[in-house]
Amino acid sequence: MELLEIAPKVHDEARQGEAYAPFALDNTEYKKKFYIESYGCQMNFSDSEIVASILNEEGFGATRNYEEADLVLLNTCSIREKAEQTVRKRLTEFRKTKEAKPGLLIGVLGCMAERLKSKFLEEEKLVDLVVGPDAYRSLPGLIEEAETGQKAVNVLLSRDETYADISPVRLNSNGVSGFISIMRGCNNMCSFCVVPFTRGRERSRDAYSIVAEAEDLFSRGFREVTLLGQNVDSYYWEDEAKGEFVTFGKLLEKVALVSPLLRVRFSTSHPKDITEEVLQTMARYENICKYIHLPVQSGNTRILQLMNRTYTREWYMAKIDQIKSIIPDCGISSDVIAGFCTETEEEHADTLSIMEYSKYDMSYMFFYSERPGTLAARRYKDDIPEETKKRRLQEIVELQGRLSRESNQRDIGKTFKVLIEGESKRSAGDWMGRNTQNKVIVFSKGGAGYQKGDYVDVKVTGCTQATLLGELA
Ligand code: SAH
Ligand code: SF4
Ligand code: F3S
């Protein structure tokens with residue numbers, strides 16, 4: 001799952017000029033305006049698009065300027081302590097706006113809602129509304145309550161809410177790639193992780209509504225969809241009408257069949273659950289992207305056991321081998337945690353060596369941050385000193401830097417099919433797009449009449465650590 005703590009605004013500045021902004025066109029019809037900022041993973045960003053849809057129905061139009069909003073919402077993340085601190089800081093900033101504009105309503109949505117409801121409402125008096133990830137349908141009623149000066153809260157988690165029937169309003173889309181939530185919650189109890197507590201039990205969304213959403217995006221010019229879930233491989237939906245069982249492999253195939261021109265991606269895969277069926281389906285369809293985010297977390301079996309990841313070092317390595325034998329050109333990325341409870345230097349070295357073995361193209365890397373209420377917080381002591389955690393993380397980051405450079409250098413001279421996502425942020429004379437392995441490629445427009453959403457063949461001529469540079473082939 002991609003973590004976007006560094007990009008707090010839904011309305012990504014870089015994309016603003018060209019953004020596909022369905023709400024902007026009819027903004028004037030709305031009597032009231034809302035502003036939303038999202039933190040955390042893509043699931044949260046995707047939820048903000050559901051919230052936008054619910055609010056549009058209620059007569060609220062989106063604005064990119066919080067100072068003109070009647071309702072300011074923060075869709076929050078609890079994954080690490082730092083994520084929570086960022087949100088608190090932002091809330092204090094909004095309080096100033098509220099002092100100048102007493103009618104303004106401020107709401108906290110998402111993963112911090114459940115954990116901190118009483119704190120936000122009572123102690124901090126910063127917030128008028130607190131709404132958990134499964135309670136967005138109750139937003140209209142809660143807003144009404146809050147407008148009468150009451151504190152409005154709904155943090156109930158659900159066993160079946162998937163928002164399947166709500167058509168998301170694409171907030172900061174480039175008009176080419178869109179996200180589709182296919183499931184919610186998580187049943188894995190990784191001992192470090194707060195997600196099962198903030199988002200509740202796992203449930204899969206109706207496959208028909210997923211395919212319909214992909215078809216709708218395609219008909220509106222989108223050329224890439226990413227299927228989202230905390231653990232997509234355990235997607236499972238029973239079509240009672242047809243007596244059919246839809247696994248993740250089958251779902252991938254259904255979405256791939258929408259059009260050969262529609263690229264399909266997915267995130268996140270759990271190493272214990274990704275099946276051969278999924279790998280074979282990826283190999284069979286050209287438009288299913290050859291890229292897997294397969295978080296390892298640690299390369300040491302004892303630590304993996306403490307983390308409750310339910311696989312061993314050897315099992316993970318065998319999974320990497322299997323991926324490479326079925327999909328030889330597959331891009332692979334990872335999440336890594338440095339300094340989990342009781343981790344020794346040798347165990348940390350196992351993490352470095354498994355990264356080397358897997359040759360990750362990219363990784364998201366963190367040091368362990370204890371989260372209240374998790375299994376690890378209850379069972380183990382957070383005993384690795386902060387300097388040690390940071391030093392180990394630094395070693396992981398440096399190694400990944402080298403692996404990314406080496407991976408990019410191996411691509412020099414190769415030609416890739418690239419989906420153009422838009423102009424390069426740095427230069428209007430260049431396009432930016434991705435290859436099937438999810439690597440970003442920047443190349444000169446070269447006078448040819450292409451547009452974003454087109455597929456072009458690009459030959460790689462150079463690279464930086466993070467980006468391939470190329471020219472039209
Ligand atoms: N469902 C995804 C990950 C969701 S959270 C999966 O299973 O892979 C994204 C990443 O944040 C995790 O993979 C993990 O590397 C990191 N993370 C989660 N909890 C953390 C914690 N307490 N401290 C540090 N990193 C954490
Ligand atoms: Fe958290 Fe593990 Fe679920 Fe991922 S699979 S969300 S890390 S509990
Ligand atoms: Fe995502 Fe953060 Fe919640 S990573 S699921 S928004 S705790």
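Note: hydrogens, waters and symmetry copies are ignored here, and every other heavy atom, side chains too, is used.
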Hey, are [Y] and [X] close enough side-chain-wise for a donor-acceptor pair under 3.5 Å?
| X | Y | value |
| --- | --- | --- |
| D361 | S407 | yes |
| S234 | E202 | yes |
| S38 | S48 | yes |
| S363 | Q400 | yes |
| K439 | N408 | yes |
| N44 | R199 | yes |

How far does [atom1] of [X] sit from [atom2] of [Y], to the nearest 0.5 angstrom?
| X | Y | atom1 | atom2 | result |
| --- | --- | --- | --- | --- |
| L228 | Q42 | CG | CD | 6.0 Å |
| L399 | I396 | CG | CD1 | 8.5 Å |
| F222 | I180 | CZ | CD1 | 10.0 Å |
| S46 | I182 | OG | CD1 | 11.0 Å |
| E346 | N300 | CD | CG | 9.5 Å |
| C330 | I323 | SG | CD1 | 6.0 Å |

Looking at F366, is R80 sitting on its ring face, NZ or CZ under 6.0 Å from the six-membered ring centre and within 45 degrees of the normal?
yes
Basic-acidic side-chain contact under 4.0 Å: [X], [Y]:
| X | Y | value |
| --- | --- | --- |
| E67 | K98 | no |
| E161 | R184 | no |
| D160 | R201 | no |
| E99 | K96 | no |
| D134 | R159 | no |
| R205 | E213 | yes |

Any chance you could lay out the side chain to side chain donor-acceptor pair (under 3.5 Å) test for S78 and T198, step after step, and finish with the verdict?
CA-CA 8 Å; S78 278; T198 63; over 6 Å; no
Using the ring-ring contact (aromatic ring centres under 6.0 Å, His included) criterion, which residues pair with [X]? Sequence neighbours excluded.
| X | result |
| --- | --- |
| F248 | F266 |
| Y66 | Y35, F94 |
| F340 | Y368 |

Is there side-chain contact between [X] and [Y], with heavy atoms separated by less than 4.5 Å?
| X | Y | answer |
| --- | --- | --- |
| E84 | R115 | yes |
| R434 | I441 | no |
| L251 | Y235 | yes |
| V460 | T415 | no |
| K151 | D128 | yes |
| Q230 | M43 | yes |
| L279 | I327 | yes |
| Y136 | L109 | yes |

Holding to salt bridge (charged side-chain N to carboxylate O under 4.0 Å, His left out), I want the full list of residues that pass it with [X], two or more places apart in sequence or in another chain.
| X | value |
| --- | --- |
| K414 | D411 |
| E356 | R402 |
| K445 | E423 |
| R263 | none |

Would you mind listing every salt bridge (Lys or Arg N to Asp or Glu O under 4.0 Å) that reaches into [range], with sequence neighbours excluded?
| range | result |
| --- | --- |
| residues 384-394 | E343-R392, E345-R391, E345-R392, D382-K389, E386-K390, R391-E395 |
| residues 298-323 | R302-E347 |
| residues 227-237 | none |
| residues 271-288 | E253-R284, E286-K417 |

Test side chain to side chain donor-acceptor pair (under 3.5 Å) on Y364 and S334; report intermediate values, then the result.
CA-CA 6 Å; Y364 296 97; S334 192; over 6 Å; no
Sequence neighbours left out, what pairs pass side chain to side chain donor-acceptor pair (under 3.5 Å) with at least one residue falling in residues 458-471?
R405-Q465
Can you tell me if [X] uses its side chain to pair, donor with acceptor, with the backbone of [Y] under 3.5 Å?
| X | Y | value |
| --- | --- | --- |
| S173 | R170 | no |
| N75 | E37 | no |
| T86 | K82 | yes |
| T374 | V194 | no |

Checking H293 against D335 for the side chain to side chain donor-acceptor pair (under 3.5 Å) test, could you report, in this order, the C-alpha distance in whole Å, the side-chain angles of both residues, the deciding distance, and whether it holds?
CA-CA 8 Å; H293 184 58; D335 291 348; 2.9 Å; yes
What pair of heavy atoms forms the shortest contact from [X] to [Y], and how long is it?
| X | Y | answer |
| --- | --- | --- |
| C77 | A83 | O-CB, 3.7 Å |
| V108 | A113 | O-CB, 4.3 Å |
| S269 | P295 | O-CD, 3.3 Å |
| S191 | L306 | OG-O, 2.7 Å |
| E81 | S369 | N-OG, 3.0 Å |
| A52 | L171 | CB-CD2, 4.0 Å |

Describe, in one word, how the ring planes of Y316 and Y311 are oriented to each other, choosing from parallel (under 30°), tilted (30 to 60°) and perpendicular (over 60°).
tilted
